[in-house]
Protein chains: 2
Amino acid sequence: MLKYQQVAAEIEQYINQHDLKQGDKLPVLEQLMSQYAVSKSTITKALELLERKGVIFQLRGSGIFVRRHNRPGYMSLFSTQGFKSNLGDRVLTSDVLDVSVTKPDATVAQNLGIDVTDDVYRVERVRFVDGEVFCYEESYYVKAIVPYLNREIVADSIFDYVQGALGVTIGFSDMYMQVGRLTETEAGYLGLQMEDPTLRIETIFHLSNGKPFDYSRITYHYEHSQFVVQANGPYM
Amino acid sequence: MLKYQQVAAEIEQYINQHDLKQGDKLPVLEQLMSQYAVSKSTITKALELLERKGVIFQLRGSGIFVRRHNRPGYMSLFSTQGFKSNLGDRVLTSDVLDVSVTKPDATVAQNLGIDVTDDVYRVERVRFVDGEVFCYEESYYVKAIVPYLNREIVADSIFDYVQGALGVTIGFSDMYMQVGRLTETEAGYLGLQMEDPTLRIETIFHLSNGKPFDYSRITYHYEHSQFVVQANGPYM
DNA sequence: TACTATAATTGTACCGGTACAATTAATCAA
DNA sequence: TTGATTAATTGTACCGGTACAATTATAGTA
């Protein structure tokens, strides 16, 4: 683990353990430098990470402050998108409906940037948060990159497996969101009525070298899915 | 404008003008350094900005590459959230229904961190993209921070006015999203039926000093609102 | 040809430093 | 007490440098 990531993790841990509130002030840069025994630029980088994550905000001439949002029940949109296995204290479980090797249809192939003759893993799951139906997910993995999957891996975190055992690194993702109505089969999985409202998110996950390796379609239960996004100011 | 922002803007402009595609390679760091006559760290900062924005991705040992998503019609979720006035080539217009000074109710006051006796501006708009109904918006501005608003300002961009004329800087925002059904009045504004599905986003905008100054509730037309979020890999 | 080992390329981590702008605290004047 | 001026605090911009890890290209070997 990189030094600045380590420092960031420790600072975040400190904030959580001491249950700091929005606006609480952290030690000044120079003190953090000596406290974690790293250079200024490393502390700066750690803090920048935490700022992006929505954990702190920095104010020039003033200090470093804790940032919090105060809506329990809202999950971070990104934490549900494979990037973080951490959902706070919530328990995430899965019903695995399908794990199989198939050929992609034209849409899937195009989103993954592969040919319809290439192999993909198809994974179908219903996911639960604290026992309540959360979403229905259908996702496709490029077999050339993810050569093996089974029900145990899929029941747990696919991303941890991919990054751990396969040693590939995930780089970035494009998420496409839209609102619509449930189909009959989707409604069945989610325990809702056909035509009920739903949020659909398609995501294309890329490796750090830019190659797509996972295309996933998630249909959310509209009553159990509330998301928070902590954004940072105008980039430029 | 800061040097690294300037450089970032120029690089992005270069990419757009030359219509570079996903995966196209940019000049190497050292060349960019001399080309823009800035130090390594400034170039690095500029590139990091573009990476966060989803314009490029960097691969150590390899180079700097253009990142693109290929779904026209999808708007960046953040560009619709006040941070950027730029919506590409789309035309954004507004019907202003109300601009008035009132007292906030308990919910609004709590979200803005003020008292129910404090004054707020209430702004109510229906917004259009290329002439099509896009969303219905109800937002509240802390009058102590935004002392004056009128219909002209509101019809245009409130954020440009606030940052320009008032000289305050916007820091960060918390967005809360959920899916639901339209009420009768909402349906009327959006030209839809009652009980139709909708995406609701509440956003609390903070100044860079952490003080909330705008609480806004947006109800989107589900057929005309498709969003893209370009996310970057695991922060840590 | 195909595979392996080596070298060159290239971005990132980390260090330390100066200058500066925004904020806040202290000082002084009315 | 209030308001303005000055000074101290504090994070950020920008500079330049070394070391290194990941990738790609090259050379060598079977």
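Chain identifiers are assigned alphabetically (A, B, ...) following the order of the sequence lines, protein sequences preceding nucleic acid strands; residue numbering begins at 1 within each chain. What's counted below: heavy atoms across the whole structure, side chains too, no hydrogens, waters or symmetry copies.
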- Message: If I compare all heavy atoms of His69(A) with all of Asp174(B), which pair ends up nearest, and what's the gap?
- Response: CB-OD2, 3.8 Å
- Task: Among Asp115(B), Asp118(B), Asp119(B), find the one that has a salt bridge (charged side-chain N to carboxylate O under 4.0 Å, His left out) with Lys103(B).
- Result: Asp119(B)
- Want to settle it: does Met33(A) or Phe65(A) sit nearer the 5' end of DNA chain C, counting the closest nucleotide to each? Met33(A)
- Message: For Ser39(A) and Ser41(A), which I'm curious about, is there any donor-acceptor pair between the side chains at under 3.5 Å?
- Response: yes
- Message: Between Tyr215(B) and Glu202(B), do the side chains contain a donor N or O and an acceptor N or O under 3.5 Å apart?
- Response: yes
- Does NZ or CZ of Arg200(A) lie under 6.0 Å from the centre of the six-membered ring of Tyr220(A), at an angle within 45° of the ring axis? no
- Between which nucleotides of DNA chain D, read 5' to 3', does contact with chain A run, using atoms under 4.0 Å from its heavy atoms? dT9(D) to dA13(D)
- Tell me what Leu47(B) touches on the nucleic acid: a base, only sugar-phosphate, or nothing, going by heavy atoms under 4.0 Å. nothing
- Task: Would you tell me whether Arg217(A) and Asn111(A) have side-chain atoms, one donor and one acceptor, within less than 3.5 Å of each other?
- Result: no
- Item | 5' priority, DNA chain C, between Ser39(A) and Gln58(B) [closest heavy atom] | Gln58(B)
- Query: How about Phe172(A) and Phe205(A): are their ring centres within less than 6.0 Å of each other?
  - Reply: no
- Task: Indicate, with a heavy-atom threshold strictly under 4.0 Å, whether Leu29(A) touches base, sugar-phosphate, or nothing.
- Result: base
- Message: What contact category does Lys40(B) fall into here, base, sugar-phosphate, or nothing, at under 4.0 angstrom with non-hydrogen atoms?
- Response: base
- Select base, sugar-phosphate, or nothing to describe what Ser41(A) touches, counting heavy atoms under 4.0 Å on all strands. base
- Axial bend angle, the helix from dT1(C)-dA30(D) to dA30(C)-dT1(D): five-pair end segments, nearest 10°: 10°
- Whichever of Pro27(A) and Ser62(B) has the more 5' nearest nucleotide on DNA chain D, that residue is Pro27(A)
- Message: With no hydrogens and no angle check, just 3.5 Å: does a side-chain donor-acceptor pair link Gln178(B) and Tyr74(A)?
- Response: yes
